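Here's the structure, in structure tokens; my notes come after.
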Amino acid sequence: MTTVDVDLKYIWHPAAQMKDYEKFRPLAIKRAQGVYLYTEDGREILDIIGSWWCSLLGHCNERINKAVTEQLSNLEHVIFANLTHEGAARLVQRLSKILPPGLCKFNFADNGSSAVEMALKIAFQYCAQTGRERKIKFACLEEGYHGETIGALSVGSMDKYTAVYKPMMMESIHIKAPDCYRCPFNCTRDNCKALCLSSAKESIEKHAHELCALIVEPLLQGAAGMRVYPEIYLKGLHKICKDNDVLFIADEIATGFGRTGEMFACSKADISPDIMTLSKGLTAGYMPMSIVCTTQQIFDAFYDDYQKGVAFMHSHTYAGNPLGCACANAVLDIFEDENILDEARDSAAFLTQVLNDRFGGHKNVGEIRHIGLIHALELVADKDSKAAFDPKARTGYNIYRHALLEEGLLLRPIGDVLYFNPALNIKKEDLLKAVDKMSRSIDYVLGK
Ligand SMILES: *Cc1c(COP(=O)(O)O)cnc(C)c1O
């Protein structure tokens with residue numbers, strides 16, 4: 001039996017109707033280098049989505065490989081209760097210098113969703129221990145995404161995939177998200193005055209007495225379809241939370257580490273959240289690791305004599321994993337030494353130009369939006385009315401399938417939103433190649 005035969009016999013893949021796998025069998029990847037994956041049967045695949053947004057500096061990056069290999073021969077893992085190690089200490093000291101001011105305490109988890117869970121619990125317990133006992137609810141944006149565990153789902157958008165879990169979930173306040181492509185005020189991102197903030201303001205003021213925190217994906221709602229919204233909205237939302245004594249949790253799992261053109265989206269918008277979650281780019285996609293960053297003020301609410309019972313009694317087996325920390329330190333080394341942000345900004349400007357030239361006049365490309373090196377094309381049935389394709393037609397999926405199998409391009413759209421979120425050090429020639437491959441795949445499915 002081949003790898004794929006064995007896989008299909010036993011494995012349940014993420015976020016999939018497994019019946020689809022009968023006709024669209026998985027590809028067995030043998031090795032990877034830079035932005036390229038190589039299959040067992042010798043095919044080359046251009047990974048333009050950073051393997052689910054986490055391969056930040058390319059697959060099998062030489063410097064990260066070296067750092068992990070060195071770490072591996074010294075210390076692979078150690079319990080993080082009462083024990084510590086140099087990699088973790090060095091990492092958080094470095095993070096404290098580059099994060100928005102005020103974030104100076106760090107608690108480790110082992111994936112994005114568990115960092116979100118931890119952030120929610122810290123916020124909740126902080127309120128309980130600072131005389132805010134009635135503040136027990138969370139607010140979030142309607143199209144938000146913060147992971148798949150039950151707490152994280154509870155502060156995410158309620159769609160057809162999550163509705164089934166509703167009886168298991170806590171009740172959150174869902175705020176209408178900014179929707180710049182279909183702006184109800186007919187503004188553009190450039191002349192935005194964040195008029196849609198009024199509904200956020202109304203909800204937050206109305207619920208302030210029971211609201212512990214708001215969680216938000218800063219500047220980019222990734223899973224919603226790479227929806228980019230302006231800094232003015234984020235700044236406004238932050239201020240509304242401050243004015244109403246509602247903690248502000250920035251989920252930078254997707255936006256952190258240069259994805260938006262700055263190291264962190266919050267820095268770009270010049271705000272300091274009370275709590276920030278990091279994962280994905282943190283280890284450049286090498287190791288499952290996440291960190292919850294918070295302020296001295298929040299930390300202090302948990303700091304007292306043991307008998308007071310106010311400690312944060314939360315743990316993850318792999319907290320502070322040394323291999324993860326070695327990756328994260330190598331990522332920061334590379335940012336420091338290799339001009340990654342400048343080059344990514346240059347590549348981003350190039351890609352914006354190429355996509356606008358190529359697809360600006362396309363009858364089915366409703367919007368080309370971008371932040372940092374992340375670029376997205378929203379496909380629509382009709383450009384004037386911005387009407388979507390019938391979801392049953394699975395337009396994005398069909399383009400994805402064609403691109404992967406016939407063009408060797410890993411796209412994996414969100415619905416009918418095709419996007420690029422590649423390694424920040426991708427070469428321009430590879431960006432061009434990806435555009436060509438995507439273009440032919442769109443033509444194949446939608447006709448010229
Ligand atoms: C990916 C993601 C998560 C969840 O992270 P996992 O490691 O997949 O659990 C949470 N929030 C945001 C913004 C993400 O992009």
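Hydrogens, waters and symmetry mates are skipped; everything else that's a heavy atom, side chains included, is used. When a ligand or atom number is given, it counts from 1 through the structure's own listing order. Nothing here was measured: the structure is a model prediction, and the numbers come from that model.
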Below 4.0 angstrom from a heavy atom of His146, which ligand 1 atoms are there? Numbered from 1 as shown, please. 10 (C), 11 (N)
Once the angle between the rings of Phe312 and His314 is folded into 0 to 90°, is it parallel (under 30°), tilted (30 to 60°) or perpendicular (over 60°)? parallel
May I have the step-by-step check of ring-ring contact (aromatic ring centres under 6.0 Å, His included) for His316 and Phe108, ending in yes or no? CA-CA 8 Å; His316 290 286; Phe108 286 79; over 10 Å; no
Please check: side-chain N/O of Lys386 versus main-chain N/O of Arg182, any donor-acceptor pairing under 3.5 Å? no
Report the nearest protein non-hydrogen atom to atom 9 (O) of ligand 1: residue, atom name, distance rounded to 0.1 Å. Ser113 OG, 2.5 Å
Nearest non-hydrogen contact with atom 12 (C) of ligand 1 belongs to which option: Asp251, Asp110, Val116? Asp251
Is the contact between Trp53 and ligand 1 made by the side chain, the backbone, both, or neither, using heavy atoms and a 4.0 Å cut-off? side chain
Salt-bridged, Asp333 to Lys66, with N to O below 4.0 Å? no
Can you pull out the closest protein heavy atom to atom 5 (O) of ligand 1? Residue, atom name and distance to 0.1 Å, please. Gly112 CA, 3.2 Å
Parallel under 30°, tilted from 30 to 60°, perpendicular over 60°: which one fits the rings of Phe257 and Phe335? tilted
Short version for Lys280: what comes under 4.0 Å of ligand 1, heavy atoms counted, is side chain
Does the protein place a non-hydrogen atom closer than 4.0 angstrom to atom 7 (O) of ligand 1? yes
Do Glu205 and Lys201 meet the salt-bridge criterion of a basic N to acidic O distance under 4.0 Å? yes
